[in-house]
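Below you'll find the structure, written out as structure tokens, and then a few comments.
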Amino acid sequence: MSSGEIAVQARGVSKKFSRSLGRSIWYGIQDVSRNLIGLQTRSQTLRPDEFWAVEDVSFDLHRGEIMGLIGPNGSGKSTTLKMLNGIFMPDVGEIEIRGKVGALIDVGVGFHPMLTGRENIYVSGAVHGMTRRQIDGLLDEIIAFSEVEAFIDTPVKYYSSGMYVRLGFSVAIHLNPDVLLIDEVLSVGDMAFSRKCFQKIEAVLNSGITVIFVSHAIRHVERICQKAVLLHKGKVEAYGEASDVTKQYYALANNLSTLDTKSGDMNLGQHSAPERFKVLGVEILNEERKISDQHYMMSQMVIRVRFEAYEKMKDLNTFVRLYSIDGINIVSISSIGNGCSEWIGPGTCDCVIPELLLREGVYTVGISLSDQTFSLFRAERAAEFSVIPDESVFHRAGSSGGMMHIPASWQFHSEEQN
Amino acid sequence: MSAQFRDQVRRYRQDDLAGWGPKVWGEMSGELWRSRELMWRLFVRDFIAKYKQSILGVSWAVIMPLMVVGVFVFLNRSGILNVGETGVPYPLYALIGLTVWQVFSGGLTACSGAIVAGGSMVSKVNFPKEALVVAAFGQVIIETLVRVVLLAIAFAMYQVSPSWTVVLVPFVLLPMLFLTLGLGLLFSLLNVLTRDVGNILTLGTTFLMFMTPVVYPAPAEGLFADITVYNPLAPLVGAARDMVLTGHLKQPVMYAWASGLSGVFLLFSWRLFHMVEPRMAERL
């Protein structure tokens, strides 16, 4: 597929913004005045108060390829996408796109509350660059997909927010472009519709069009995209095969998150009775009982909670929850049944995980403690750790993908033996 | 599809929008032509939205001019205001002037709010933003048509028949439409930067209405006549009224100047609009 024609090309694309509103207006007037008399703007250099929101981004995308654009918040993903869409002009460099461009950046664009669903389909379609004939042809399909048939001639003012979004999404997904730009708009409707949207998007992705996909759902990027660009502070941190780039993202996210948990992770926790009981710290230890935030799959990991009880506690129990980077609660475990019936004074509680069954990624640890009757402490982001990818470990364990591993025994039987 | 795929190449690069070369004009015209359907849709959208929520509907378009004319007729009758010789009954004269004037004032107000009203659409989708301004201007055309009906009724009531040249009015009005659209494009962008524009325009158009011979004939001499010479709106309003009443342009030379100026101004502000448009998206 990569031998095909180049569909999207970005060469050294940069975009700067100004921190101060007043200056940005003044700079804008200067730039426009220069353009008016046919001069080039001084866009390559930074003036006071300006910064590069996106700096020197380059990539090629062939026809039919799907590329993920990933990175932490504020890394310049949306700005890049808007430049690809032609809403913002790059200050430096150039972008070339071949074919009709469709953008799934916002849903319900151009909708007017007083107009009926049907009328709004035509408006939104026109804003997205569809002709009346194209919309006529797709109308039934758009209405059917949105599941609002019964209300299609009702003003959208009376729609529930779910119906509104569904109709907007339905228009946008039926654009049939050659190059599709998708921002994460997929918090769409209820669960059933959300799944339908994903399926539709995947069907579109597999229909051979070129796609650029901005997402925080790294596993989605891993699964769907062939290529990926990792942006960090506006610069390309990694570019290439999606699986390689996402691995670098995990490493980057890990570096970033340790920095920010060190700055006071326990502040994120809430004590309900600090005069009776206090959590002093949460640590993650490796097999050698050394503090580490990097672990291998199948290795031993210990989550240690240090605390002090100022009064006698009865039935002290610890709860541990592990979350993936996108906030999904993967497991919740507790010491109930193995708790301690009475405690006073300082102490630690070790949650020993003999074999870590998680695959590569960054995980957040949530901790709660309670006694017989009260919740004593709760922190959703008490600590973070990352699981380092190691193919040999995966191979030995028999893990070939997904988020986690489940030990299994395998049996092959020949028909004759039974 | 493959052929079409190769045909459509978009290139985004800083300073591609600069200058006044023929390439830029070709691009702008092409973009405008391709967005004709979008303009129509936005126009229909605004039209439906506006009148669905209103009980009096299009009659609002005539209530305002009737009230203003009423005030002036009162001032005239009571001798506070002496407008001089108008040739036709004064209320009729004032109504013609106001109908023409409101193409300008109404158009300017509607156009200047268009981009801001577009809101998230402007910063989320790439489409020719001119479409928003032109669609807003379309609403004023509709209102004007309604006022023309009122005017026709007034003519019948006073049993005055207009000159045959009344059919030329739409053409004679073109320079005024250009001027309005040109100013509208500029103010729609300024409005993004500062919302003071709306208030300034309300004030400005009211002031201009009294400074322009709209509800009274142009004075022949004095300070006011001197000012009127430099007011391009005066011959534009006057020419339309001449076409309705007499069929003879009173100020053909000034009209020609004002027309040329309006045309050039529209091209200039369209060009400027096109250049500034992507920068505005960053601020919405």
Side-chain angles (χ1 to χ4, degrees), chain A residues 5 7 13-15 17 21 24-25 28 31-32 34-41 43-44 63 82-101 103 105-106 109-116 119-120 122-132 155 178 183, chain B residues 1-2 4-21 24 34-42 44-46 48-53 118-128 131-132 189 192-194 268 271-272 274-284:
Chain A
E5 198 176 351
V13 171
S14 303
K15 179 81 203 165
F17 286 128
L21 179 67
S24 81
I25 292 172
D31 289 346
V32 170
R34 292 184 73 87
N35 277 175
L36 272 180
I37 53 173
L39 290 176
Q40 307 263 303
T41 51
S43 56
Q44 295 85 352
R63 274 193 78 181
K82 282 186 175 177
M83 283 194 280
L84 289 168
N85 197 8
I87 297 174
F88 295 172
M89 278 294 141
D91 280 313
V92 186
E94 76 173 74
I95 293 169
E96 209 176 285
I97 299 184
R98 287 161 192 275
K100 189 180 152 206
V101 181
I105 295 182
D106 196 7
V109 173
F111 275 21
H112 194 287
M114 283 313 292
L115 267 61
T116 67
E119 289 163 339
N120 271 316
Y122 281 93
V123 177
S124 193
V127 175
H128 281 295
M130 288 159 101
T131 64
R132 202 179 75 101
D178 300 312
D183 206 343
Chain B
M1 187 179 124
S2 184
Q4 182 203 346
F5 184 79
R6 262 180 287 275
D7 285 341
Q8 205 176 9
V9 179
R10 293 181 190 224
R11 191 172 286 114
Y12 302 125
R13 188 169 50 188
Q14 183 68 241
D15 296 326
D16 260 11
L17 295 172
W20 297 82
V24 179
R34 282 190 298 276
S35 64
R36 63 196 185 281
E37 184 148 341
L38 175 61
M39 288 176 192
W40 174 248
R41 280 290 156 209
L42 289 172
V44 172
R45 174 189 83 158
D46 293 344
I48 298 175
K50 191 168 177 184
Y51 294 114
K52 251 189 190 174
Q53 285 187 104
S120 75
M121 203 160 114
V122 176
S123 56
K124 295 274 172 69
V125 187
N126 184 16
F127 68 98
L132 286 171
L189 292 178
V192 176
L193 289 184
T194 162
F268 170 80
R271 182 72 200 90
L272 190 66
H274 202 255
M275 221 179 271
V276 179
E277 174 191 313
R279 293 172 203 277
M280 283 306 149
E282 294 166 19
R283 308 227 148 70
L284 262 176

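Note on naming: letters A, B, ... go to the chains in the order of the sequence lines (proteins, then strands), and numbering restarts at 1 for each one. These numbers were taken from a predicted model, which means no experiment stands behind them.
B/Val125 approaches A/Asn85 most closely through the heavy-atom pair CA-ND2, 4.3 Å. Nearest heavy-atom pair, B/Ser35 versus B/Pro128, reported as atom, atom and distance to 0.1 Å: CB-CG, 3.6 Å. In terms of heavy-atom proximity, A/Asn120 sits nearest to A/His112 at OD1-N, 2.8 Å. The two residues A/Val123 and B/Arg45 have their closest heavy-atom pair at CG1-CD, 3.7 Å. Considering all non-hydrogen atoms of both residues, A/Gly99 and A/Asp178 come closest at CA-OD2, 3.3 Å.
Heavy-atom pairs under 4.5 Å with chain A peak, among B/Leu42, B/Ile48, B/Val44, B/Asn126, at B/Asn126. Contact count versus chain B (heavy atoms, under 4.5 Å) is highest, among A/Gly28, A/Ala126, A/Gly86, for A/Gly86. In terms of heavy-atom pairs under 4.5 Å with chain B, the best-connected choice from A/Gly110, A/Ala103, A/Gly125 is A/Gly110. Comparing A/Val127, A/Leu21, A/Thr131, A/Val101 by how many heavy-atom pairs each has under 4.5 Å with chain B, the most go to A/Val127. Counting heavy-atom pairs closer than 4.5 Å to chain A, the top-ranked of the candidates B/Met121, B/Glu277, B/Lys124 is B/Lys124.
The contact between B/Arg279 and chain A is made entirely by side chain atoms (from C-beta outward), counting heavy-atom distances below 4.5 Å. When heavy atoms are compared at a cutoff of 4.5 Å, A/Ser14 does not approach chain B at all. Only the backbone of A/Phe111 has a heavy atom closer than 4.5 Å to any heavy atom of chain B. At a 4.5 Å heavy-atom cutoff, the contact between A/Glu119 and chain B is made by side-chain atoms alone. For chain B, the nearby parts of A/Ser24 are the backbone and the side chain; heavy atoms of each come within less than 4.5 Å.
Checked for salt-bridge contact, A/Glu94 and B/Arg11 meet the test: a charged N lies under 4.0 Å from a carboxylate O.
Few gaps surround CZ on B/Arg36; more than 12 heavy atoms of other groups in view lie less than 6.0 Å from it.
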